[in-house]
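These notes are about the structure you will find just below.
The figures here come from the full heavy-atom set of this structure, side chains too, leaving out hydrogens, waters and symmetry mates.
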Amino acid sequence: MPLLGRAAAAPRQLFGPAGGWVSARPRHPGESGAPVPTVRLASEDAGASQRASLYVHWPFCKRRCAYCNFNKYISVSVDHTAMRNALVQETETLLRDSQVKEITSVFFGGGTPSLAKPSTVASILETVTKATRTCRNMEVSLEANPTSVSLSKLAEFKEAGVNRVSLGVQALRNDDLKILGRDHTVQEAVWSLEEARNLYPGCTSVDIIFGRPGQSLELWEKELEEILTLCDHHVSLYQLTLERGTALYKQVQMKVLKMPEQQLVAEMYNVARNLLEKAGFHQYEVSNFAKNGAVCHHNLGYWRGMQYLGVGPGAHGRFVPRGDGKTQREARIQTLEPDHWLREVRQFGHGTRKRVPQSELDILEEVLAVGLRMNQGLAHQHWQQHSPLFSLKEAMGESTEVQQYLQEELLILDDRGLRCSWEGLALLDSLLPTLLNQLQHSYWNSASRCL
């Protein structure tokens with residue numbers, strides 16, 4: 001069984017607003033014209049429909065990292081005024097379309113959002129506070145690269161309203177930083193981290209990539225020990241995966257670089273989990289570890305199936321467009337290219353390129369896939385909010401493979417709900433295809449009984 005795979009290496013590509021999770025499933029009766037039961041989801045009741053999180057995508061970077069295939073663009077000259085005005089305008093439009101009354105969190109991702117002007121962040125947050133309710137301590141996160149944030153700029157972002165920083169350190173080895181195509185050194189990462197911790201005490205997160213070419217278990221353990229002397233209260237560990245079309249992929253294909261064996265990568269992951277646990281960090285999701293309760297509430301919203309609005313080039317969203325008189329949740333994708341997106345926002349008020357109504361099964365598949373990423377998994381009550389037709393136990397059915405996962409204690413299904421065990425969490429990517437197939441089978445069996 002492969003360890004983690006794409007889900008761990010790039011969570012945004014599984015569920016998130018800059019990549020979007022797309023279910024790989026066979027055609028079901030609803031796609032071939034068969035009758036599909038219409039059920040009002042409890043998650044669409046007044047309370048949940050009035051709340052959403054907001055993701056803002058800044059698509060620009062100074063350079064493209066060797067492993068990256070995200071929607072980002074290298075530009076020597078960015079029209080910051082045009083970007084700010086368009087991001088504000090699209091935020092206003094999507095808030096109006098969704099008719100949400102409360103924004104629970106805001107996340108500025110990219111790209112490299114720390115290259116944006118703090119005034120852009122301030123304008124977007126001002127737009128949100130004018131149009132919706134926000135709690136006084138609403139989480140506002142910003143992804144930052146060590147070379148794009150100085151002490152003064154970090155302070156400006158804090159003044160603009162940012163209260164949580166996620167620093168893309170990625171490695172504490174200069175040779176590995178070069179392999180990854182990063183434009184900072186270890187020393188610059190350490191300086192940036194110290195500055196961030198001083199300005200955002202208890203609210204600074206560190207991103208680290210493991211499974212790098214030539215990386216040994218011994219070097220990884222030593223690096224982790226160094227990280228634990230530097231990090232504040234949150235660590236995100238991402239397994240490196242090869243993406244077609246990237247510089248790293250080409251180097252591996254040409255045998256210039258060699259990726260570590262899968263078994264070694266699995267050992268790296270488990271060693272990291274053990275070390276972080278001993279240091280007081282709680283693993284609350286496949287890739288994320290928090291100390292003293294410093295979890296990322298914005299990401300928890302994704303994993304719990306909450307609505308979210310995606311603003312900016314290539315951003316994804318999941319919300320009910322009640323402003324259009326609709327009651328069915330949609331999966332939305334904004335136009336990828338910044339220039340085209342800007343033109344569409346000026347013309348239409350938004351750059352929404354694709355709108356796909358989500359069926360109940362679509363939503364249940366996402367709830368299952370992202371919910372099992374959490375250490376606590378899916379509670380029965382949470383599942384029932386999305387699935388009035390059948391229970392979580394009924395969804396898992398009598399599948400031989402699912403029963404085997406339960407017997408091997410990779411999965412746990414009890415009075416609390418469904419969750420992965422410590423061992424199962426590392427193998428989630430291998431378990432999901434079987435679980436999704438079983439969900440689809442159970443869903444259509446249940447639907448046929450209701451027709």
Side-chain angles (χ1 to χ4, degrees), residues 10 12 16-18 54-65 67-68 70-84 86-88 91 105-126 139-171 177 180-201 203-209 230-232 234-236 238 296 298-299 310-315 338:
R12 285 177 293 181
L54 174 68
Y55 174 85
V56 182
H57 191 68
W58 183 263
F60 303 109
C61 286
K62 285 185 176 179
R63 64 190 294 181
R64 181 171 288 277
C65 297
Y67 57 90
C68 180
F70 287 155
N71 183 47
K72 56 176 61 176
Y73 301 85
I74 312 305
S75 178
V76 293
S77 59
V78 175
D79 189 335
H80 285 270
T81 300
M83 283 297 298
R84 180 195 65 212
L87 289 169
V88 166
T91 300
S105 63
V106 181
F107 195 103
F108 292 89
T112 310
S114 51
L115 291 174
K117 291 185 179 296
S119 58
T120 297
V121 170
S123 294
I124 294 169
L125 294 178
E126 183 180 359
E139 181 184 273
V140 180
S141 298
L142 177 87
E143 289 181 340
N145 283 352
T147 50
S148 64
V149 284
S150 61
L151 177 60
S152 59
K153 195 170 186 182
L154 278 174
E156 289 181 59
F157 278 123
K158 185 173 183 178
E159 183 66 24
V162 173
N163 54 30
R164 182 180 182 276
V165 168
S166 179
L167 201 63
V169 172
Q170 312 305 7
L177 288 171
L180 295 174
R182 305 294 289 177
D183 62 353
H184 66 269
T185 65
V186 171
Q187 189 58 63
E188 287 171 328
V190 172
W191 286 335
S192 296
L193 183 54
E194 289 175 349
E195 292 171 352
R197 289 177 62 193
N198 288 333
L199 280 168
Y200 301 90
C203 296
T204 299
S205 179
V206 180
D207 288 356
I208 296 291
I209 293 174
L230 298 169
C231 68
D232 200 3
H234 194 279
V235 176
S236 296
Y238 299 139
C296 179
H298 184 87
N299 285 343
V311 170

Considering all heavy atoms of both residues, which atom of [X] and which atom of [Y] are nearest to each other, and what is their separation?
X: Ala171; Y: Leu177; result: O-CD2, 3.7 Å
X: His80; Y: Ala116; result: CE1-CA, 4.1 Å
X: Ala315; Y: His57; result: CB-CB, 4.2 Å
X: Val235; Y: Cys231; result: CG2-SG, 3.8 Å
X: Leu142; Y: Pro113; result: CD1-CB, 3.8 Å
X: Gly109; Y: Glu143; result: CA-OE1, 3.4 Å

Any side-chain heavy atom of [X] within less than 4.5 Å of one from [Y]?
X: Val78; Y: Tyr73; result: no
X: Thr147; Y: Glu188; result: yes
X: Phe157; Y: Leu199; result: no
X: Thr112; Y: Cys61; result: yes
X: Ser236; Y: Ser205; result: yes
X: Trp191; Y: Leu151; result: no
X: Met83; Y: Trp58; result: yes
X: Tyr200; Y: Asp232; result: no

Parallel, tilted or perpendicular: which fits the ring planes of His298 and Tyr55, with parallel below 30° and perpendicular above 60°?
->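 Rings of His298 and Tyr55: tilted, as their planes differ by 30° to 60°.
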
Hey, what do you get for [atom1] ([X]) to [atom2] ([Y]), rounding to the nearest 0.5 Å?
X: Cys65; Y: Asp183; atom1: SG; atom2: CG; answer: 7.0 Å
X: Leu115; Y: Asn145; atom1: CG; atom2: CG; answer: 7.0 Å
X: Glu195; Y: Ser152; atom1: CD; atom2: OG; answer: 8.5 Å
X: Leu54; Y: Phe107; atom1: CG; atom2: CZ; answer: 12.0 Å
X: Leu167; Y: Leu193; atom1: CG; atom2: CG; answer: 6.0 Å
X: Ser123; Y: Leu87; atom1: OG; atom2: CG; answer: 10.0 Å

When you measure from the side chain of [X] to the backbone of [Y], do you find a donor-acceptor pair of N or O atoms at a distance under 3.5 Å?
X: Glu139; Y: Arg164; answer: no
X: His184; Y: Val169; answer: yes
X: Arg197; Y: Leu230; answer: yes
X: Asp207; Y: Gln170; answer: no
X: Arg182; Y: Gly168; answer: yes

Should we count CD of Glu194 as having more than 12 external heavy atoms under 6.0 Å?
->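 Count over threshold, so yes.
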
Is atom NZ of Lys117 surrounded by more than 12 heavy atoms (other residues, nucleotides or ligands) closer than 6.0 Å?
->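 For Lys117, atom NZ is not crowded (no more than 12 foreign heavy atoms under 6.0 Å).
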
